[in-house]
Every structure is written in structure tokens, then in C-alpha cells.
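So you know, we letter chains A, B, ... as the sequences are listed, proteins then strands, and number each from 1.
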There are 2 protein chains.
Amino acid sequence: MHSQSDLQDGARTGELDAPTRSVSITEQLRCGILAGDFQPGERIYEVNLSEKLKVSRTPIRAALQSLAGEGLLRHIPNRGYYVQEFSVDEIVQAYEIRATLEGLCAKRAAQLGLNAEDRDIIERALREGDLLLQKEELSADDRSIYGEINAAFHSAIHRAGQSRMLRDMLRVSQQVAPSSHRNVIAFELRDVRRRHDDHHRIYESILYRDGGRAELLMRDHVETVKISLIRSFSREATSPDGAVSSRTAKGVSSREIRRVK
Amino acid sequence: MHSQSDLQDGARTGELDAPTRSVSITEQLRCGILAGDFQPGERIYEVNLSEKLKVSRTPIRAALQSLAGEGLLRHIPNRGYYVQEFSVDEIVQAYEIRATLEGLCAKRAAQLGLNAEDRDIIERALREGDLLLQKEELSADDRSIYGEINAAFHSAIHRAGQSRMLRDMLRVSQQVAPSSHRNVIAFELRDVRRRHDDHHRIYESILYRDGGRAELLMRDHVETVKISLIRSFSREATSPDGAVSSRTAKGVSSREIRRVK
DNA sequence: TCAAGAAGGAATGTATACATTTCACTTAAG
DNA sequence: CTTAAGTGAAATGTATACATTCCTTCTTGA
């Protein structure tokens, strides 16, 4: 994908095209937070960041305010910004919300129909997933790749829903700290296979323009992820040496008490 | 000019306790936008506002960024802030989204149960609504009052859902410019009665802890508002002299072309 | 020893000056 | 007359200085 149609500036700097420092830093920080560069509940100091990123506090503040609006940060008026913490319960809630919204989005996609581009993307995601999941076992890389495939499938349907508000909310519901994508790819193979099969059926129902079925299937699909997540949490609680995502465990478990306020 | 030393914040305006100018102005502007003080699509100039509100551009910018995050304003990097426009289709979408979210919220409320306070509020809303809707006809004041009653009912359930993310999203879905509350109270009496009866049944299902029924009823309840809204829009399109909400008509009709872009 | 209060530093909130971009208008060329 | 480029004002983006708040720590008194 080449740079868009017209850009006069940005090419000069040689870096990625950023309209302003504020949005550039916003994107940078969002990636960092979602990647887990910051601890949940960690305070973010403006001066600290401004020195590290070599810009003044003004664009830093703008970025922090934006991210607070997205729910990634928490702002307390005279006390600064903190990385939003999510309790186990809140993560489960986020999945419930996402399930209903994804269901609605799939329904709309079915009613509105898919354009050629999204159809291609989805079919490719389905084919590549079929291929990948033939393996007896999945390596960490394989899981990461399937994570991309999964994201591509859902993103295409998000686009197909053709609703700005819906897309914004879906984004927020998926931005629940370091737990979101990293966890989804850490489940048992038969669960992954089952969910990939869900994708097939969802796509089918959308093709047939069956909005009701698409909604039902999609909602249940995401609810299934929620259930798996709960299972994984309870496993983690019983056997604390789980090789999977010690970082995630640290992020969400038993931090409710240490809340800022 | 050392105006900061001369007067402390709030002393001059005598307003309620505001932690900072930024949040005070944010609330002020939000009210103004929802009240229709600004035209949809209207550009908002920082200097203009800063002169009018007698503060520097800094807190103004902070407020505008916050409101953009809430979806009330639209920000284009070097081109300023604009009051978000909502096409008829987008307003309908917002109601679809709200319907699913309210449904989920009602389900959670049923599962979690109501506390005494919210139960009281809801029962009072039901009683007062019963009383008000016995009238043969509703005056503008009556409709405004029922708007309050309706808001109280839904707010209580929003609280009962006990989910920060859900509440945030419900707020966003209801902030679709001047169209939201003003319209709801402008429908035919029998529709209002029907929807008030919905409230009774929803409350009942929540009391019985029937989450599935609560969700179904609540979702359909809001969908009904959506349908009424669509009806009112098409009436408006055919007979342009509708006494009801000329302001609303101006806000949403045939402005899709004049998008900022 | 403990508690309450004062003082200091450090962080955020605000104001303002400066830099950059945008947009409209003018002007000149075709 | 139309179109294109250039110029200027005005608006937004950024940097920085100052004001206010908060928090820690030290002191002082009981």
C-alpha cells in the first residue's frame, strides 16, 4: 500500500506522514499502551514524556487527552494521567459489549451486503485459516499469524457495517489493555478451530443476507471467546505458573484495591 | 495582565465547583451543543470562544478535544473543530446501537439486581408517568416533564448495569446532536403510552431477575423509538410545515453533501 | 511517640508568544 | 474571461513561562 493520493509534506521528513505532532504522538502512545510498554495503573508524567519524545508538553497533553477519551488512560483533574486498569470483571464486560456490537455489525453487514474488496479479504482469511489450522499443533508464530487472520476477518465486517459510531465503539471495546489480542491467540487448538468454523458460518449467513442469523452467530462467536477467557483466568488463578501471558496476569489480577483514587 | 492573581476561578461567574477551567468549559460547551446553540456542521473557532468565555485558548483546546472524543465535535488536524453532523441514517444507526446496548444493560441489571435507591427512582418514574399519561392531551410542558421521567427511568437502569464502559457508550449513543431527547417527546400520545407500558414490563422482568426477557423487551423498546423517529422523519419530509422541531429538521436533513471533508 | 501543620519541591493548569498551515483574495499570464 | 500562482491575514499547532495544586517531608507541639 503506497502513500495516499496527495501528500505534499511529510515526505520531506522521511518519516511516516503525520499531520501534526499531536496525532503522531497519540498513535505512538496508543501502540505503546496496547503493547504493554506501560503497567496498568502506572502514572504517566507529561514532562517525562516530553523529554523522552523531544517535544513540548503541549502536544503531549493533547495526545493524553485523546487517549483518555478512548478509554486507554484515566485522567484525574489535578493529579495527572494513569494507564487505565481493567479488572477481570471489566474485561469480561468488555467482551459482552463487544459481542452485542459485533452482532449488530454483522447484521448490518448482511443487510447492506459486502463489497468485492471485503469479500476478498474475508475469503482469504477463511482460506488461510483453513490451511493453518490443519497443523497438529500451533507454534507461537502460528498463533500470532492466526491472530492477524482473525483481526482481518473482523475488521472487514466492521467496515461492512458502514457505521462510524459502531466502528468507534468496537475499537474501544477491543482496547482493554494488554489483554485483548494477546490472549485470544493463547487458547487450545480445538477452540481456535471451532471459532474459525464460526467464521465460515458467519460469512455464509452474511452472503445469504440473513441478518438475524449473522447477528446471532456473531454474538455467540464473541461470547465464546469470553467464556474461553474466563476459563483461562480461572486456570491462571489455580496454577500460577502458567507459561502463557504472565504479563497479562500481572495486568489484571488483584489490582482493584490499588486503584488510584 | 495578571488576571490569575486578581480573581480565583469561579468567583466571578459564581458557577458551581469546577476542578479546572477545562472541565468547566467542557461541560458548558457540551450543554450548549446538545441544546442546539450551535448549528450542525458549524465551525468552532478557538479564539472566538476564548474571547467569549474570557479564558485563554489552552483550556478551550482541552475542552474541544474532550468533546471530539465524545463524538460531539469533529476535529480535522489543521482545520479546526466542527459540530458533528448526523445524517438521518446515522441517527437511526445510533438508535440501533443504543437499543442493543440498553438491552445488554437491562440484562445485566436483571442479573445483578437493583439496589433500593434505583428501585425507588424507577417506581417513582412509573407512578408519575402513569399519572401524567392519564390526561387526554399533553401540553409542551407535559411532554418535557415526561422526557425527564423517561430519562430518570433509563438512567437508573444504566447505573444498575454497573459497567463503566457500557455507561460511556450509552452516553455517546444518546448524544446525537439536538435530535435526541427533544424528538422523543414529540410523538403521538398513544406511542408515549405504549412506551411507558414498556417501562412497566421491563421493570417487572428486572425484578423477576429474568435477564433474557429484560434484554428483549428493552431492545425492542428502544427500537420502537427508532421506528417512531423514522416515521416522524418521513412525515417531516412530506409536509415541511410540521410545527414540531423545525430546528431538528434543519439539523439533519440534506446536509450530507455539505460535509466538511 | 504520635499527630497536626507548615514548607518545600514537583507536577499539572493556564496564559501567551511564536511557528506553521490554511484559505481567500489579488494579480498576472494564457 | 478564465485559470493559475502568489501574497497576505487569520486560524491552528507548538513552545515556554508563569500560576496553582498536590504531595512529601520536616518540624513542632502535646
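- What you find for A:Y81 and A:R61 is that their closest heavy atoms are OH-O, 4.3 Å.
- Atom CD of B:E51 and atom C1' of C:dT16 are 14 Å apart (whole Å).
- The distance from atom CD1 of B:I25 to atom C1' of C:dA15 is 12 Å, rounded to the nearest whole Å.
- Between B:L64 and B:E46, the closest side-chain pair of non-hydrogen atoms falls below 4.5 Å.
- Per the geometry, CG belonging to B:N78 stands 12 Å off P belonging to C:dT20, to the nearest Å.
- Within residues 56-69 of chain B, the residues that place at least one heavy atom under 4.0 Å from DNA chain C are, in residue-number order, B:S56, B:R57, B:T58, B:P59.
- One interatomic measurement links the two molecules: NE2 of A:H75 to C1' of D:dC22, which rounds to 14 Å at whole-angstrom precision.
- Distances shown here put a side-chain N or O of B:S22 below 4.0 Å from the OP1 or OP2 atom of C:dT14.
- The C1' atoms of five pairs define one axis at each end of the helix from C:dT1-D:dA30 to C:dG30-D:dC1, and these two axes lie 10° apart (to 10°).
- Each of A:D120, A:L114, A:N115 was compared with A:E117 under the side-chain contact (heavy atoms from CB on, under 4.5 Å) criterion, and only A:N115 meets it.
- The pair B:R171-B:E70 counts as a salt bridge, with a side-chain nitrogen and a carboxylate oxygen less than 4.0 angstrom apart.
- Residues A:S173 and B:M165 come closest through the heavy atom pair CA-SD, 4.0 Å.
- Ion pairing of A:K107 with B:E96 is absent here, as no side-chain N (NZ or NE/NH1/NH2) approaches a carboxylate O to less than 4.0 Å.
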At a cut-off of 3.5 Å, list every protein nitrogen or oxygen paired with a nitrogen or oxygen from nucleotides 7-11 of chain D, distance to 0.1 Å.
{"from": "D:dA11", "atom 1": "O3'", "to": "B:R43", "atom 2": "NH2", "distance (Å)": "3.3"}

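- Here the closest non-hydrogen pair linking B:A160 and B:D118 is N-OD2, 4.1 Å.
- Atom-to-atom distance recorded for A:Q162:CD and A:C105:SG is 9.5 Å, nearest 0.5 angstrom.
- Residues A:I122 and A:A156 share a closest heavy-atom pair of CG1-CB, 3.6 Å.
- Spacing between atom CD1 of A:I76 and atom P of D:dC22 amounts to 12 Å, rounded to whole angstrom units.
- Atom OG of A:S66 and atom CD1 of A:I25 lie 11.0 Å apart (nearest 0.5 Å).
- Between B:L166 and B:H158, the closest side-chain pair of non-hydrogen atoms is not below 4.5 Å.
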